[in-house]
Amino acid sequence: MKNDRIKKIESLLPKALCADRQAVRREIVRLKRFKTKILSDKNVKQKFIQLEKQIHASIKKKSWREKNPPALTYNPCLPITDKKNEIIDLISKNQVLIISGETGSGKTTQIPKFCIAAGRGIDGKIGCTQPRRIAATTVARRIAEELGEELGKSVGYKIRFKDKTGGDAFIKIMTDGILLAETRNDKYLNEYDTIIVDEAHERSLNIDFILGILKTLLKKRKDLKVIITSATIDTEKFSKAFDNAPVIEVSGRMYPVDVQYFTIEQESEGSDERTHVEMAALAVDKLQKKSLYGDIIVFMPTEQDIRETCEILEGRNYKSAIILPLYARLSSSEQSKVFSRLTGRKIIVATNIAETSITIPGIKYVIDTGLARISRYTPRSRTTSLPVVPISRSSADQRKGRCGRVENGICIRLYPEQDFLSRTLFTPPEILRANLAEVILRMIALKLGNIEDFPFIDRPAARSIRDGFDLLLELGAIKPVKRAKKSEAEKSKKSDVFLLTEKGSLMAQMPVDPRLSRMLIEANQEGCLNEVAIIASALSIQDPRERPVEKTQEADQMHALFRDPLSDFITLLNIWKKYHDVRQKEKSTSRMKKFCKKHYLSFKRIREWRDIHAQISTVLQGSGARDQGSGIRSQGPGIRDLGSAKANNSEQEFYSKQYEVIHKSILSGFLSNIAVKKEKNIFQAAKGKEVMIFPGSGLFNKAKTWIVAAEMVETSRLFARTVADIDSRWLEALGKNQCKYTYLKPHWERSRGEVVACEQVSEEASEIFIRSALVEGDIREPLPFMEHNRRLIDEISSMENRLRKRDILTNEEDIFDFYHKKLEGIYDIRTLKQHLKKRGTDGFLRMKKDDLFRYFPDEEELYLFPDKITLGTNQFQCNYSFEPGSRDDGVTIKVPSALAATVPAESVEWLVPGLYSEKIAALIKSLPKDYRKQLVPVANTADSGSEQIHF
DNA sequence: GAGCACTGC
């Protein structure tokens, strides 16, 4: 009977929706496995009834979808409409399709419709991801409009805090973060039969992670179709990553833009040192003289530069022109001014925000400094820096594309064309520039297997991956799996296997950075969850405080009301408390907006703060966490009242106890961000860093000995932002469970050549000594064996540079193990020297190649990257660097000017054989389309081309 | 003595 029933259900499966099909299939597998003993007959019967119900409902739904797809209409004016039939055909015939189309091609709104025309969206939804919330909502609205429907029926959208998709939706537009989040509960993404990843060229962490997941998913779900759209010509990379998926190009609808470069002479004209601010002002002058018509946008790298540029331009007193700054930290009312319709000309001076996030209509002129702040994470020192760097060619072209949308445009680049051509084609994807802890935690939680084997489009450096694992270990989110004995096969595998700890699996569920989720877990134990939940959500939004340029003093005065003298974290709590106190009394949105305005707070960001706080609280409640504290509710944390200095003793005691538990919780997440005072405002932090307290902090000029910081970011120098005074005694208790992974306290002091700490724990000290002095080489006079090992490591790492790889050299952990096994109990230079004297040799500390190589690289490959190269009549040394995005990435030779004449110019174009392939590929991509088309796939053509060059 | 831009169960 049971088997017949199963067969019946199975025969119905193909007619059901994908999501139900898979769910029912899983249930059947389970039912088949059940013995009658575990499940009573009655239960089995009920289960069957339920499954049959589900399958019939699903079949009904699916046949409804088949009969009622939205009526499609197309706009013949859009360039993509010309290729409609071709694209629909390609969608039907391929599992993966890459579509490249410039702005104005209509791809974002039309492709979902083409999918429906290709018969998609019946078995499951058509999911379409966007990098930003605004894009997701506007795209959904536009498509619904084109279909003549209201939003939320055939077309819906889902962004954080807002789900506008009905059960019968055919098309669902969402942020890429949402799709990623959905993989947690719907591992195979069964809700969808088609997924469109839009704007893939932006290469955010989310996009790269989604593409990797889709790549693995495609093998398991043969019915799933994936469409990747990208604005640039970098489609080959996507195509290659997806087994040479077909690429179709759609032209954009743009008016011609005339690009004018500054010549080298212009650049050095007059005074030799002219800043980009001055050059931009001159360019505006020039335009202003020519005509008073057409809006101008100037791209600047920093807020400071924008302020200066605006000041200079204001000083010019242009007739009927208004100068408007635009950057993210500007209040939303100031931001929206750029959209206002004015009689005169608008001159907008903006950061990168105007490159992708904010589109201003009607721009005729673009002035581009060619610079931007781009964030970069350095695993070695665990710091984020925001250097001003030359932007890539694709980024410059994106800026150029901001004009020419409604009429002809002009783009003035404040640098020579040579400079433009020498730049990298693309901005390095975020995954090569970011802290990977969060990605790794998620990969382990989703059981996506070994990170080394994950199909990333660009594989992050081994060093970054290791750092991500280290941070997770430090936070106690993961633990290594102990293997009884390593087999040879396992040894050659690069990484260890890690499992989530109980903490870790909870952390993976929380929609915040792992450090913040770690804080929340600690806070739950310390009994201050309410307070720390407020702090953690505050740290995951932009600063709610506003500080308009012309009113900095007033803003600072109002903000001072919230200020806590010891901790910026308490300051955040105070803002929350005051806001909610007022809110309880006022209960009206307009009054709260008024309150925000008066106190220079952003109403929008506080709303975001409250939303995230609610989200975190929900997750924590679901996990059974509860505040074991003194009944303090989040509306009124037990922090001393604003301005009431006369607290009595018991209140003070309560306050200091609260202070302690809150900051201990913060420390659990930011243990690697503690620092000890060197001089006023200057602190010594871990890994040899020296930080300065950010001048906007409440602790500026007031900090005592030890501090913890939520952020250490390098801009004009390394700043600690959001800091608090801490008691060094708190570190011991926290460090105890984690001391194995904490290298900071006790810390290594280079000048003294020993580990300095309040209390010296020798095992711990030995570890720190080995890591800091021997592994990282932070030592005044390196010993001979260290020099020997250093040379060997340099040799291997230069080999890595040549081959453009980052995995030949073994990891720091192995190097640490090498020393650790041999030097147990030794924790300073003195005892090490004594030990060496006793042994009579340092041979046992000298590494051999086997100790350092993960694998030996191919001899033939090395031969393609020679040490020296002959050009003309002389030999030159080749210097290799592997830092995509940096100027000397690739090979560099230095030719003394005296010898320059002996070097034939064309030979410099083709220096080392190992790089031919990449070079040919770049050349092919720069060809006109008709030629390029004959050479696809580019990578293959380039490879075979490079083999045919003789050297 | 002063910070690019996005995003999430």
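Not measured: the values here are computed from a predicted model. Every chain is numbered from 1, with letters handed out A, B, ... down the list of sequences.
Looking at heavy-atom distances under 4.0 Å, Arg433(A) makes no contact with the nucleic acid at all. Ser375(A) comes within 4.0 angstrom of a nucleotide base, judged by non-hydrogen atoms across all strands. Nucleic acid contact class of Gln615(A) (heavy atoms, under 4.0 Å, all strands): sugar-phosphate only. Using a 4.0 Å heavy-atom distance criterion, Arg132(A) is classed as a sugar-phosphate-only contact. Contacts of Thr356(A) with the nucleic acid, taken as non-hydrogen atoms under 4.0 Å apart, are absent. When heavy atoms are screened at a 4.0 angstrom cut-off, Glu711(A) is found touching base atoms of the nucleic acid. At the heavy-atom level, Glu438(A) lies under 4.0 Å from base atoms of the strands shown. The residue Gln509(A) sits close to a base: some heavy atom pair falls under 4.0 Å. No contact: Val388(A) has no heavy atom under 4.0 Å from any strand. Note on Ile374(A): nothing from the nucleic acid sits closer than 4.0 angstrom, heavy atoms only. At the heavy-atom level, Ile178(A) lies under 4.0 Å from the strands shown only through sugar-phosphate atoms. Note on Thr183(A): nothing from the nucleic acid sits closer than 4.0 angstrom, heavy atoms only. Ala328(A) comes within 4.0 angstrom of sugar-phosphate atoms only, judged by non-hydrogen atoms across all strands, and of no base.
The number of heavy-atom neighbours closer than 6.0 Å to CD1 of Ile682(A), taken from other residues, nucleotides and ligands shown, is above 12. Summarising the local packing, CZ of Arg142(A) is surrounded by 12 or fewer heavy atoms from other residues, nucleotides or ligands at distances under 6.0 Å.
Residue Thr351(A) has a polar side-chain atom (N or O) positioned under 4.0 Å from OP1 or OP2 of dA5(B). Contact annotation: Ser540(A) side-chain N/O to dG8(B) OP1/OP2 distance is not under 4.0 Å. Residue Arg133(A) places at least one side-chain N or O under 4.0 Å from the OP1 or OP2 atom of dG8(B).
Rounded to an integer number of Å, the gap from Arg399(A) CZ to dC4(B) P is 13 Å. Gln553(A) places its CD atom 18 Å from the P atom of dG1(B), with the value rounded to the nearest Å. Rounded to an integer number of Å, the gap from Leu189(A) CG to dC9(B) P is 14 Å. Between Ile306(A) atom CD1 and dA5(B) atom C1' there is a gap of 12 Å when expressed in whole angstrom units.
Here dG8(B) is the nucleotide among dC4(B), dG8(B), dA2(B) with the atom lying nearest to any side-chain atom of Ile159(A).
For dA5(B), the base has no donor-acceptor partner in the side chain of Arg373(A) [N/O atoms by modelled type, under 3.5 angstrom].
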Distance-only donor-acceptor hits, side chain of residues 178-186 of chain A, under 3.5 Å, sequence neighbours excluded:
from: Glu182(A); atom 1: OE1; to: Tyr192(A); atom 2: OH; distance (Å): 2.5
from: Glu182(A); atom 1: OE2; to: Lys158(A); atom 2: NZ; distance (Å): 3.2
from: Glu182(A); atom 1: OE2; to: Lys172(A); atom 2: NZ; distance (Å): 2.8
from: Thr183(A); atom 1: OG1; to: Leu180(A); atom 2: O; distance (Å): 2.4
from: Arg184(A); atom 1: NH2; to: Ala508(A); atom 2: O; distance (Å): 3.1
from: Asp186(A); atom 1: OD1; to: Leu189(A); atom 2: N; distance (Å): 3.3
from: Asp186(A); atom 1: OD1; to: Asn190(A); atom 2: N; distance (Å): 2.9
from: Asp186(A); atom 1: OD2; to: Asn190(A); atom 2: N; distance (Å): 3.0
from: Asp186(A); atom 1: OD2; to: Glu191(A); atom 2: N; distance (Å): 3.1

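The aromatic ring centres of Phe238(A) and His201(A) sit 6.0 Å or more apart.
For the residue pair Glu199(A) / Thr229(A), no side-chain donor-acceptor distance below 3.5 Å is found, with atom types taken as modelled.
Screening residues 505-524 of chain A for ring-ring contact (aromatic ring centres under 6.0 Å, His included) gives no qualifying pairs among residues at least two apart or on separate chains.
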